[in-house]
Amino acid sequence: MSQGALPGFRDFYPEQMAERNYLMKVWRDVAARYGFVEYDGPPLEPLDLYKKKSGDEIVGQLYTFTDKGDREVALRPEMTPTLARMVAAKANALRKPVRWFSIPQLFRYERQQKGRLREHFQLNVDIVGEISAAADAELLAVAIDVMRGVGLTAADVRARVSDRRLLAAVLLVSGVAEDELAGVYGAIDKMGREPRTVTEDKLRAAIGNPDATAKLVSTLDSFGDLDAIGSRFADSPDVLDQVERMREYLRFLAALGVGEWVDFDLSIVRGLAYYTGKVFELFDASGEFRAICGGGRYDDLLSTIGGVDMPALGFGMGDVVLSELLRSRRLFPPPGRGTEYWVAAEDETMLADVMSVAGRLRAKNRSVEYALRSQSLSRQLKQAAGAGVESVVMLKRDDYSRGNVTVKTLSDGAERSMTFQSLLDSLR
RNA sequence: GUGGCUGUAGCUCAAUUGGUUAGAGCACCGGUCUGUGGCACCGGGGGUUGCGGGUUCAAUCCCCGUCAGCCACCCCA
């Protein structure tokens with residue numbers, strides 16, 4: 001076996017490159033449809049940029065090294081800190097709200113698994129400077145429209161939405177202490193993937209007040225039902241206020257035409273510590289793959305990183321899981337047509353004539369190939385068929401000396417004789 | 001980083017429960033069909049059986065290590 005790429009890194013052969021280009025085109029088209037403009041930043045950043053946001057423990061999961069100028073640097077594991085820096089630097093000059101997107105290649109030093117490599121491309125879409133839930137709805141609609149753009153339906157993919165503030169209100173009203181919230185978040189985040197008894201044990205361990213635990217456990221069944229949450233906590237103004245905000249969000253999503261993709265699910269927490277409000281994840285409905293996309297509101301990050309107080313929200317959608325899903329559903333488009341014309345000569349001494357014809361066709365913006373050495377006509381046609389060209393321009397010695405060529409259509413074998421000039425004239 | 005499963009040509013798989021020059025199909029390259037392709041036929045390249053060690057008269061097959069892949073944990077981009 002030859003040694004392949006480094007673990008978790010990919011070689012993109014033409015076939016995979018076509019898939020990657022297709023996906024990126026959909027990403028760009030959909031983002032543009034919503035008025036987002038593309039930006040990019042450096043793939044290498046100061047290590048401090050990530051420490052500032054996530055603390056020192058994140059360093060173990062990054063590609064880091066000391067450069068020749070003695071700087072601690074890291075390959076970017078995510079785009080948001082870079083975005084925050086860039087926006088903060090020009091905060092006053094930018095028209096608000098900022099609607100930017102990017103498709104960075106990101107790196108993470110972790111053991112690879114299906115759907116999770118050490119390198120991937122990720123669509124990042126962010127809105128900065130807008131607190132309205134309309135912005136949250138707009139953001140999720142972009143992610144869902146990408147699903148539509150690649151041919152997936154609301155039966156294939158579900159968007160699960162929640163809000164940190166609603167969850168916090170429910171927990172606090174139930175009697176969970178402020179400093180216990182983080183531990184409870186962890187247990188709730190996993191409740192969809194673990195037996196209920198495990199979740200209950202974790203809650204008991206995380207919460208000091210037994211009454212609070214009992215109340216919470218009895219509420220878990222209602223986590224997917226916003227109305228049930230509302231009626232269960234009807235005596236809590238804090239919860240009701242958040243329930244009403246969630247209803248507004250869901251109304252906006254329906255207005256944007258993506259309501260049928262969305263499920264309310266209070267157990268969506270998202271791991272990142274910086275999310276402050278609405279959060280969402282996109283999953284394939286069969287549960288076969290990892291999350292396709294995750295995002296939400298992170299109103300405090302700009303001030304943490306850039307020293308500018310601006311509300312912000314965004315999502316990341318990686319190419320790995322989505323590509324796996326599209327491959328399994330056979331949704332990648334068939335390879336596009338490659339070369340249009342193949343120039344072949346009946347006479348093996350005519351290679352220079354072949355090149356001349358190819359050159360003039362290329363000057364007309366046509367893609368043209370030919371055998372790079374003199375070969376039998378049989379051989380040339382075989383190569384033309386292998387290359388998948390539509391037409392072969394055949395040069396026969398006597399004919400060509402009078403300015404004539406024969407154009408053969410490979411699909412039906414039909415041949416037409418014409419002057420080369422008329423062929424050129426027919427091409428705009 | 002921890003644990004489990006797996007590892008034979010580019011791909012999919014064989015190889016009498018250790019037995020001697022590791023095979024086939026597809027793919028690729030070339031040839032014939034006496035200069036018009038996709039068919040058919042013929043031929044060719046390509047494996048130190050992931051790598052290293054051990055047991056044995058003998059290892060693709062058994063044991064250990066290592067690397068890689070897959071899965072779970074961790075963690076989430």
Side-chain angles (χ1 to χ4, degrees), chain A residues 1-11 13 15 50 53-55 57-63 74-83 102-126 185-186 189-190 193-194 198 268-275 279 281-282 288 290-296 298 314-322 324 342 344-350 371 374-397 406-415 417:
Chain A
M1 290 286 197
S2 59
Q3 61 281 26
L6 286 170
F9 285 75
R10 298 170 288 176
D11 290 326
Y13 287 86
E15 189 179 309
Y50 306 111
K53 195 198 86 183
S54 309
E57 74 281 1
I58 196 176
V59 175
Q61 298 173 14
L62 302 183
Y63 274 93
L75 289 174
R76 60 186 175 194
E78 56 170 325
M79 198 58 179
T80 311
T82 301
L83 168 81
S102 189
I103 306 180
Q105 186 174 24
L106 305 176
F107 305 87
R108 193 110 165 176
Y109 195 89
E110 283 189 317
R111 195 142 171 176
Q112 67 160 319
Q113 285 180 45
K114 183 182 184 186
R116 189 159 187 193
L117 307 175
R118 288 180 168 181
E119 148 274 319
H120 73 152
F121 291 92
Q122 187 188 65
L123 170 65
N124 272 252
V125 178
D126 293 272
Y185 283 163
D189 187 43
K190 287 193 172 53
R193 282 165 285 160
E194 291 177 336
V198 172
I268 298 299
V269 173
R270 300 290 303 158
L272 294 176
Y274 62 68
Y275 284 118
V279 290
E281 293 182 339
L282 263 52
E288 185 183 346
R290 290 169 183 279
I292 298 166
C293 169
Y298 49 93
F315 72 77
M317 181 188 297
D319 70 310
V320 179
V321 173
L322 186 51
E324 286 172 352
W342 189 284
E346 191 177 32
D347 185 319
E348 292 189 27
T349 67
M350 296 173 70
S374 294
Q375 288 179 318
S376 68
L377 185 57
S378 162
R379 184 93 220 111
Q380 295 175 71
L381 284 164
K382 208 170 276 187
Q383 287 208 50
V389 304
E390 302 165 46
S391 311
V392 176
V393 179
M394 292 194 294
L395 278 45
K396 306 179 184 180
R397 176 163 284 295
T406 299
V407 178
K408 181 185 179 80
T409 311
L410 287 188
S411 56
D412 58 8
E415 295 186 12
S417 187

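Chain letters run A, B, ... following the sequence lines, proteins first and then strands; every chain starts at 1.
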Item to complete: Could you check how far CZ of R76(A) sits from P of rC76(B), rounded to whole Å?
Response: 21 Å
Need one value for [X]: base, sugar-phosphate or nothing, where a base atom within 4.0 Å counts as base even if backbone is also close, heavy atoms only.
| X | answer |
| --- | --- |
| M394(A) | base |
| L106(A) | nothing |
| G413(A) | base |
| Q380(A) | nothing |

Please report the distance separating the [atom1] of [N] from the corresponding atom of [M], rounded so that it comes out in whole Å.
| N | M | atom1 | value |
| --- | --- | --- | --- |
| rC28(B) | rU66(B) | C1' | 33 Å |
| rA22(B) | rC5(B) | P | 31 Å |
| rU16(B) | rU20(B) | C1' | 14 Å |
| rC63(B) | rG47(B) | P | 28 Å |
| rG65(B) | rC76(B) | C1' | 33 Å |

Practice prompt. Please list every stem that involves RNA chain B, where a stem is a run of 3 or more consecutive Watson-Crick or G-U wobble pairs with both pairing distances under 3.5 Å.
Written response: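 The stems that RNA chain B takes part in, listed by first number, are B:1-7 with B:67-73, B:10-13 with B:23-26, B:28-32 with B:40-44, B:50-54 with B:62-66.
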Fill in: Test salt bridge (charged side-chain N to carboxylate O under 4.0 Å, His left out) applied to E324(A) and K114(A), step by step
CA-CA 9 Å; E324(A) 286 172 352; K114(A) 183 182 184 186; 5.3 Å; no
Item to complete: Please examine the side chains of R76(A) and P104(A), heavy atoms only from C-beta on, and report whether any two atoms are closer than 4.5 Å.
Response: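 Contact flag for P104(A)/R76(A) side chains = yes.
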Worksheet entry | pair K190(A)-V198(A): side-chain heavy atoms closer than 4.5 Å | no
Worksheet entry | Derivation of the side-chain contact (heavy atoms from CB on, under 4.5 Å) call for E390(A) and T409(A) | CA-CA 6 Å; E390(A) 302 165 46; T409(A) 311; 5.9 Å; no
Worksheet, complete the sentence: Reading nucleotides 66-74 of chain B from 5' to 3' and marking B where a protein heavy atom lies under 4.0 Å of the base, S where only the sugar-phosphate is that close, and - otherwise, the string is --SSSSSBB
Discussion item. Judged by each residue's nearest nucleotide on RNA chain B, which is more toward the 5′ side, F107(A) or E415(A)?
Written reply: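 Result: E415(A).
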Discussion item. Between E119(A) and R10(A), does the salt bridge (charged side-chain N to carboxylate O under 4.0 Å, His left out) criterion hold? Intermediate values first, please.
Written reply: CA-CA 8 Å; E119(A) 148 274 319; R10(A) 298 170 288 176; 2.7 Å; yes
Worksheet item: So, is the end of the R118(A) side chain (NZ or CZ) under 6.0 Å from the ring centre of F107(A) and within 45° of the ring's axis?
Response: no
